[in-house]
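Remarks on the structure that follows.
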Amino acid sequence: MDVLNKSALYDCLDFVPGYTFGLLFMSCFSSIVGCCVIFWTYLKLPVIRTFSRRLLLFLSAADFLNAAGNLIGGVRYMFLERTVSPCTNLNHSDAVCIAQSYITTSASMASFFWTSAIAIYILCQQLRVQTGISSAMGLIYYNLVCTGIPVIITSVAIGMDVLGANNSVGTGGWCWIRSSLSNRTQTVWMLLAGKFWEIACYLLTALVFVIAKYCKLNEKAHDDDAPRNSTNIDLSEIRPQNNKILYYCISLYLLRLWGTVRFFIAIFSGNMDSIEISLTQKVLLIMQSIGDSWQGFWNFFVFCLLDDVVRDYICACCRSCRSGSPRIEELEPILQD
């Protein structure tokens, strides 16, 4: 690439530092591995196969697809940086860009829906409220809402040709809503295809967090009382490890907040289609590139490493692998239901 083209490249892409993609790939790979460990431990440990863990599997599947899609988007972005006309090509919505946008948009929305579903379910268990949803039919209803709605919205979006390249406005180097749309249309679709559900998830999980903490503070006062609807409530769902959902809520805010702040900055500054970006927005972009793809890893951290049973099983497996022979006597107590 000649000096002139290099100058044009850096003028166009100065707001996306090269090391951002290294951080993006790190968060994507760790999330993919973390989700795979969640699937593996669920298959291996009968004792953790509660209904809330089944919901976690669907959440992990959504985060797995989101991380994989962001990884594809980052690779595409880096490849196009090295073309003759980088600014033109980065604004071009090719088939890879549109497909990646479809995957990440639907998966990201599904992640918010499944997070909300888990939070509501755990809250119902804390309050000893019988909902009748912890069954196979309940799981079907969950899927119709948590997976069906995101797929429908994203399918309408691709049908209306609004998915594509967006100059990293609201994203961290991957495709989402086309920047070629009018500011108003782009804002509406960014809300409908992600941000509205994300903010709703923030509010809902915050409410669940507060109520669950309140219930925990009053738990000792009701130790001697018979639990309400005890014959209909699966009390195994309320084991201490499942309360780690509260810590998951905190990680959700810390990881996703950066993109939400960038979205509101873009709206109020009227800069929905500009490649110009301030230093503050550049920092937010870097943080969003990590956070939006890292949820799968934190699922693993909260629901595996902070769970005594799962952590002990993983450590036992690691010791067995190091020794070169499986230590069955160490694994058997953990595997027992």
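Since the model is a prediction, treat every value here as computed from it, not as a measurement.
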List the steps and the verdict of salt bridge (charged side-chain N to carboxylate O under 4.0 Å, His left out) for Arg262 and Asp292.
CA-CA 12 Å; Arg262 287 190 65 214; Asp292 279 14; over 6 Å; no

Ring pair (Phe, Tyr, Trp, His ring centres under 6.0 Å) between Phe51 and Tyr121: does it pass, once the steps are laid out?
CA-CA 9 Å; Phe51 190 78; Tyr121 181 75; 5.1 Å; yes

Measure across [X] and [Y] and return the closest heavy-atom pair with its distance rounded to 0.1 Å.
| X | Y | answer |
| --- | --- | --- |
| Ser293 | Leu24 | OG-CD1, 3.3 Å |
| Arg53 | Val310 | NH2-CG2, 4.1 Å |
| Ser106 | Pro150 | O-CB, 3.5 Å |
| Arg76 | Cys97 | NE-CB, 3.4 Å |
| Thr20 | Ser289 | CG2-OG, 3.3 Å |
| Met109 | Leu192 | SD-O, 3.8 Å |

In terms of hydrophobic clusters joined by side-chain contacts under 4.5 Å, are [X] and [Y] together?
| X | Y | value |
| --- | --- | --- |
| Val37 | Val47 | yes |
| Val210 | Leu204 | no |
| Val261 | Met287 | yes |
| Trp197 | Val188 | no |
| Val96 | Met78 | no |

Would you check, one step at a time, whether the test side-chain contact (heavy atoms from CB on, under 4.5 Å) holds for Thr105 with Ile177?
CA-CA 9 Å; Thr105 301; Ile177 305 298; 5.6 Å; no

Can you say whether the rings of Phe297 and Phe300 are parallel (under 30°), tilted (30 to 60°) or perpendicular (over 60°)?
tilted

Parallel under 30°, tilted from 30 to 60°, perpendicular over 60°: which one fits the rings of Phe25 and Phe21?
tilted

Counting neighbours of CH2 on Trp189 that are heavy atoms of other residues, nucleotides or ligands and sit closer than 6.0 Å, is the number greater than 12?
yes

Without hydrogens or angle criteria, can the side chains of Tyr102 and Ser155 be said to hold a donor-acceptor pair below 3.5 Å?
yes

Applying side-chain contact (heavy atoms from CB on, under 4.5 Å) to Leu254 and not counting sequence neighbours gives Ile250

What pairs meet the side chain to side chain donor-acceptor pair (under 3.5 Å) rule with one or both residues in residues 55-69, with sequence neighbours excluded?
Asp63-Ser111, Asp63-Asn299

With side chain to side chain donor-acceptor pair (under 3.5 Å) as the test, pick out the partner of Trp294 among Ser27, Ser30, Ser31.
Ser30

Tell me every residue that passes side-chain hydrogen bond (donor to acceptor under 3.5 Å, both in side chains) with Trp174, counting only those two or more places apart in sequence or in another chain.
none

Going by heavy atoms in the side chains, are Ile38 and Cys304 under 4.5 Å from each other?
yes

Within a strict 4.5 Å, meaning less than it, do heavy atoms of the Ser108 and Gln295 side chains meet?
no

